[in-house]
Amino acid sequence: MVFLHEGLGSLAMWRDFPQRLCQASNCRGLVYSRPGYGFSTPRAGDENWTVDFMHRHAEEVLPALLQALHVDGERQALWLLGHSDGGSIALLYAAKVRQLAGVVVLAPHISVEKCALDSIRKARIAYESGTLRTRLAPFHHDPDSAFWGWNRVWLSPEFTNWSIVDDLPAIICPVLAIQGEQDEYATMEQIRGIARHVPGSVILEIPDCGHVPHRDHRETLLQKIPRFMQGLPI
């Protein structure tokens, strides 16, 4: 199982969830920080990510990483688990690659909603004048690289019309889409839209849960995701 972190995430910010999930699922795990995050190569100071940054990661960076690590979906069952932006990347990869056992997405984005932009604007204020930079610093070699790469592209005028809805019908592998009912970055339309466009997909709406289901309801996910991977009802 390959774990794809959120827009402000990194390898370390998953904490012990990947290890516990892999133990519960009896599978190996691959966890990494995307370029610009964690202790991977920082984003260049003058580099502004473009609207297609998630497409580029799904179609260029992730395939190159898997090839370099000799991870071959044709020879072994390969699962992707993505959170938020990482969930969108997982869906885009699944739309292009047929050799996938399945995809699990936590609070994914398939389009841009006003509540997401409002929360991202609040994050900018918290980063510039609050404690967000201090809280991110232990998890990123260059927190400014991680934050501004994500924040500026999401709040750019061009990003308002970003959508991966047209990509979803190409997905043929099993998909489990999970979202909290109190997600401050999205409405339930994000995972319900997946259900409409990906035949056979399963959605799980979790009460009393925000944008990070694997933090707010960890034990629930550790029970339900392995069942889904085994083809059992959740």
Side-chain angles (χ1 to χ4, degrees), residues 4-10 13 34-37 43 47-62 80-96 103-128 130 132 136 144-171 175-198 201 203-206 209-216:
L4 304 168
H5 63 72
E6 62 182 300
L8 290 179
S10 67
M13 288 181 72
R34 297 195 294 276
Y37 292 96
R43 180 180 59 89
E47 176 189 350
N48 290 316
W49 291 346
T50 54
V51 173
D52 64 347
F53 78 98
M54 285 184 266
H55 286 78
R56 291 174 60 191
H57 193 88
E59 297 170 10
E60 300 172 13
V61 180
L62 180 55
L80 299 184
L81 186 147
H83 174 218
S84 193
D85 285 12
S88 306
I89 292 168
L91 293 169
L92 287 166
Y93 185 88
K96 296 290 185 181
V103 171
V104 179
V105 288
L106 314 177
H109 304 286
I110 63 171
S111 61
V112 178
E113 295 182 297
K114 181 180 181 298
C115 59
L117 300 180
D118 289 345
S119 292
I120 292 170
R121 291 188 186 99
K122 291 177 182 177
R124 175 175 287 191
I125 295 171
Y127 193 81
E128 292 180 323
L132 182 55
L136 289 176
D144 292 338
S145 170
F147 181 84
W148 291 116
W150 165 79
N151 191 268
R152 285 173 177 153
V153 69
W154 265 90
L155 294 182
S156 65
E158 298 82 5
F159 204 77
T160 305
N161 296 319
W162 175 90
S163 172
I164 65 169
V165 170
D166 290 343
D167 297 279
L168 298 179
I171 298 175
V175 175
L176 172 61
I178 300 171
Q179 188 171 335
E181 292 183 354
Q182 282 71 49
D183 190 332
E184 61 272 32
Y185 285 90
T187 69
M188 285 299 165
E189 177 57 25
Q190 299 296 321
I191 63 170
R192 292 172 185 173
I194 293 172
R196 288 196 304 272
H197 290 92
V198 182
S201 55
I203 64 173
L204 177 62
E205 302 178 7
I206 305 180
C209 178
H211 189 59
V212 190
H214 53 289
R215 178 194 63 201
D216 295 350

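Computed from a predicted structure; not experimentally measured.
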Take M13 and L136 through the test side chain to side chain contact (heavy atoms under 4.5 Å, CB included) and record every step on the way to the result.
-> CA-CA 9 Å; M13 288 181 72; L136 289 176; 4.2 Å; yes
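- Distance CG/L8 to NE2/H83: 10.0 Å, rounded to 0.5 Å.
- Side-chain contact check for V175 versus L91: some heavy-atom pair is nearer than 4.5 Å.
- Distance check: I164 CD1 to D52 CG gives 13.5 Å after rounding to the nearest 0.5 Å.
- Closest non-hydrogen pair, A123 versus F147, comes out as O-CZ, 3.6 Å.
- Checked against a 6.0 Å centroid threshold, the rings of Y127 and W148 count as neighbours.
- In terms of heavy atoms, I206 sits closest to I178 at CD1-CG2, 3.6 Å.
- Although no hydrogens or angles enter the test, the distance criterion places no donor-acceptor pair under 3.5 Å between the side chain of E205 and the main chain of Q179.
- One N or O on the side chain of T160 and one on the backbone of P157 form a donor-acceptor pair closer than 3.5 Å.
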Between V103 and I171, is a side chain to side chain contact (heavy atoms under 4.5 Å, CB included) present by the stated rule, with each step listed?
-> CA-CA 10 Å; V103 171; I171 298 175; 5.8 Å; no
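- Listed here is the closest heavy atom pair of Y37 and G7: OH-O, 2.7 Å.
- Crowding of R56 atom CZ: a count of heavy atoms from other residues, nucleotides or ligands under 6.0 Å not exceeding 12.
- Distance check, rounded to the nearest 0.5 Å: SG of C115 to OH of Y185 gives 10.5 Å.
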Where do I110 and H197 land on the side chain to side chain contact (heavy atoms under 4.5 Å, CB included) test, with the steps shown first?
-> CA-CA 11 Å; I110 63 171; H197 290 92; 5.6 Å; no
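- The backbone N or O of G210 lies less than 3.5 Å from a partner atom in the side chain of D216, making a donor-acceptor pair.
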Output, in order, the C-alpha distance, side-chain angles, deciding distance and verdict of salt bridge (Lys or Arg N to Asp or Glu O under 4.0 Å) for E47 and R152.
-> CA-CA 11 Å; E47 176 189 350; R152 285 173 177 153; over 6 Å; no
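- For L117 against W154, the heavy-atom pair with the smallest separation is CD2-O, 3.5 Å.
- Here the side chain of D183 pairs no donor or acceptor atom with the backbone of M188 at under 3.5 angstrom.
- For A95 against A170, the heavy-atom pair with the smallest separation is O-CB, 3.5 Å.
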Kindly determine whether V61 and R34 satisfy side chain to side chain contact (heavy atoms under 4.5 Å, CB included), including the steps that lead there.
-> CA-CA 9 Å; V61 180; R34 297 195 294 276; over 6 Å; no
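- Remark: S88 OG to W162 CH2 distance equals 4.0 Å, nearest 0.5 Å.
- With D85 as the fixed residue, the side chain to side chain contact (heavy atoms under 4.5 Å, CB included) test singles out one of E6, M54, H5: M54.
- In terms of heavy atoms, P35 sits closest to W49 at O-CZ2, 4.0 Å.
- The distance from atom CG of L81 to atom CG of L106, rounded to the nearest 0.5 Å, is 4.5 Å.
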